[in-house]
Amino acid sequence: MNPLVSIITPAYNAGGYLDSFFLSVLEQDYDNYEMIIVNDGSTDNTEDKILSYKKLFERRGIRFVYLNQENGGQARALNLAFPHMRGEYFIWPDSDDVLCSDNISAKVKFMTAHPDYALGISWAEYIDEAGNSLGLLKRVPDKNDNLFRDLLISKNVYFCPGIYIMKTSAFVDSYPALSIDESRAGQNYQLLLPMAYGYQYGYIDKVLYKYVLHPSSHSNDGLQNEKMQLRRFEEHERLLKRLIASICSESDNAIYQKLVAVHFARLYLRIANQHCDGDKARDCFARLLRLKAASLKDCAYVCATAMGLSLKK
């Protein structure tokens, strides 16, 4: 059993990281894979780097597809790549991270041993740019595992995409047009939620990916300003609600829509508290009251905000 695996990776101004990324791909102990990379409108030397490695991959007989688009975000870049996939499985690592040498082989072995699974989930090591370990990123599921629910409220889940492997046929069943919503709010949710709700999945208890903390990491951008925080999370909330409506049964839809509404109302309340925004805090608390979900802790947050106090998380 040696199924083809597609690697699809968006890259935006990743010229400084592509050497490490591409070398980790070339050093895989599994050789039946293809590399599909999308330059998302980079303004640095990303294209030159990609083209220089294209020759190395092709000399090894590895199919290498280079695609280019105006900057549109990772979801749009993935949409450009999806029609080019030929693999039975696919992975979508970030261009500024590193794959362990057995990333693909261990995942393929797991998926082959569990043919009913549509999704495999491994561990990652969190490292700085010097390679120093900052800890492990691993999901330890509850006894009654509900990955779908936990994804919706970002509980005990990690969004470093290189830890996952997905069965291509399950993705096509979920997205026949080979296209996800091009919102910049969360392409990983769009890929993972249909698998977690309608398919079987399992866990690979092994570190297969190195998630690199970069000082300029996109995930750290724009989180200090209250309006920017709220705008980002409000877009995220809207996306999740659209996904729930499209994925879930009628009865589950009502349950999960409320779960998301409560989760984000509490999140907005805590953001308002961090910025001592009393009006916003009162609005959020009123929303929780309408949802019949307000807790004593929520009350403490709104009262503290009214007094100009910022509580610790």
Side-chain angles (χ1 to χ4, degrees), residues 10-14 16-17 38 40-44 46 69-79 94-97 126 128-129 134 137 150-155 157-161 180-193 211-244 257 259-288 291 297-298 300-302 304-313:
Y12 174 71
N13 285 352
Y17 311 124
V38 182
D40 183 27
S42 298
T43 57
D44 65 353
T46 291
Q69 67 173 20
E70 292 184 5
N71 180 251
Q74 292 194 342
R76 183 178 295 178
L78 290 172
N79 282 343
D94 283 337
S95 59
D96 57 352
D97 292 329
Y126 197 30
D128 62 21
E129 288 187 320
L134 303 174
L137 304 177
D150 288 353
L151 284 166
L152 291 176
I153 58 175
S154 300
K155 174 189 174 186
V157 291
Y158 299 98
F159 296 104
C160 40
I180 61 176
D181 190 311
E182 293 186 354
S183 164
R184 292 179 182 256
Q187 67 283 349
N188 292 313
Y189 289 93
Q190 297 188 69
L191 293 173
L192 297 172
L193 283 169
Y211 182 63
V212 186
L213 175 65
H214 300 290
S216 59
S217 173
H218 300 310
S219 61
N220 294 326
D221 289 347
L223 291 180
Q224 300 306 313
N225 180 277
E226 181 185 11
K227 288 183 179 180
M228 293 182 70
Q229 280 185 304
L230 290 172
R231 191 180 306 120
R232 172 176 172 172
F233 287 122
E234 285 167 355
E235 184 180 0
H236 184 188
E237 180 183 8
R238 290 191 295 269
L239 174 64
L240 291 182
K241 288 182 173 180
R242 291 197 300 270
L243 287 168
I244 291 168
Q257 292 285 359
L259 178 75
V260 167
V262 170
H263 170 70
F264 279 92
R266 288 203 170 113
L267 178 61
Y268 302 147
L269 174 56
R270 281 144 183 76
I271 292 173
N273 175 254
Q274 291 171 18
H275 297 277
C276 296
D277 186 339
D279 290 340
K280 183 67 176 178
R282 284 189 292 273
D283 289 344
C284 294
F285 189 69
R287 181 178 174 186
L288 288 166
L291 291 165
K297 191 172 184 179
D298 298 327
Y301 269 98
V302 73
T305 308
M307 293 185 290
L309 301 175
S310 179
L311 300 179
K312 293 182 178 180
K313 293 183 179 181

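For reference, positions follow the sequence shown, starting with 1. Note that the structure is predicted; figures quoted are calculated from it, not measured.
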Is a side-chain N or O of [X] found less than 3.5 angstrom from the main chain of [Y], in a donor-acceptor match?
| X | Y | result |
| --- | --- | --- |
| His214 | Asp96 | yes |
| Thr46 | Ala14 | yes |
| Asn273 | Leu309 | yes |

Which heavy atom in [X] sits nearest to a heavy atom in [Y], and how many Å separate them?
| X | Y | value |
| --- | --- | --- |
| Leu193 | Leu243 | CD1-CD1, 3.7 Å |
| Pro161 | Asn188 | CB-OD1, 3.6 Å |
| Gln190 | Ile180 | OE1-CB, 3.3 Å |
| Asn13 | Thr43 | OD1-N, 2.6 Å |
| Ser95 | Ala11 | OG-CA, 3.7 Å |

Interatomic distance, [X] atom [atom1] to [Y] atom [atom2] [nearest 0.5 angstrom]:
| X | Y | atom1 | atom2 | value |
| --- | --- | --- | --- | --- |
| Tyr268 | Gln229 | OH | CD | 11.5 Å |
| Leu239 | Arg184 | CG | CZ | 14.0 Å |
| Asn71 | Ser42 | CG | OG | 8.0 Å |
| Arg242 | Leu240 | CZ | CG | 9.0 Å |
| Phe264 | Leu259 | CZ | CG | 10.0 Å |
| Leu151 | Leu191 | CG | CG | 11.0 Å |

Any side-chain heavy-atom pair from [X] and [Y] closer than 4.5 angstrom?
| X | Y | result |
| --- | --- | --- |
| Val157 | Leu192 | no |
| Lys227 | Arg231 | yes |
| Ile271 | Leu267 | yes |
| Pro10 | Gln187 | no |
| Asp94 | Cys160 | no |
| Ser310 | His275 | no |
| Arg266 | Lys297 | no |
| Asp128 | Val212 | no |

Do the charged groups of [X] and [Y] touch, with an N to O distance under 4.0 Å?
| X | Y | answer |
| --- | --- | --- |
| Glu237 | Arg287 | yes |
| Asp283 | Lys280 | no |
| Arg76 | Asp181 | no |

Short side-chain donor-acceptor distance under 3.5 Å, Tyr189 and Ser154: yes
Asp40 and Gln74: side chain donor to acceptor below 3.5 Å: no
Take the angle between the ring planes of Tyr211 and Tyr126 and call it parallel below 30°, perpendicular above 60°, tilted in between. parallel
Going through the checks in order, is the side chain to side chain contact (heavy atoms under 4.5 Å, CB included) test met by Val260 and Ile153? CA-CA 7 Å; Val260 167; Ile153 58 175; 5.6 Å; no
Output, in order, the C-alpha distance, side-chain angles, deciding distance and verdict of side chain to side chain contact (heavy atoms under 4.5 Å, CB included) for Leu213 and Glu129. CA-CA 6 Å; Leu213 175 65; Glu129 288 187 320; over 6 Å; no
Intermediate values then yes/no, side chain to side chain contact (heavy atoms under 4.5 Å, CB included), Leu152 and His263: CA-CA 9 Å; Leu152 291 176; His263 170 70; over 6 Å; no
Taking the six-membered ring for Trp, are Tyr301 and Phe285 closer than 6.0 Å centroid to centroid? no
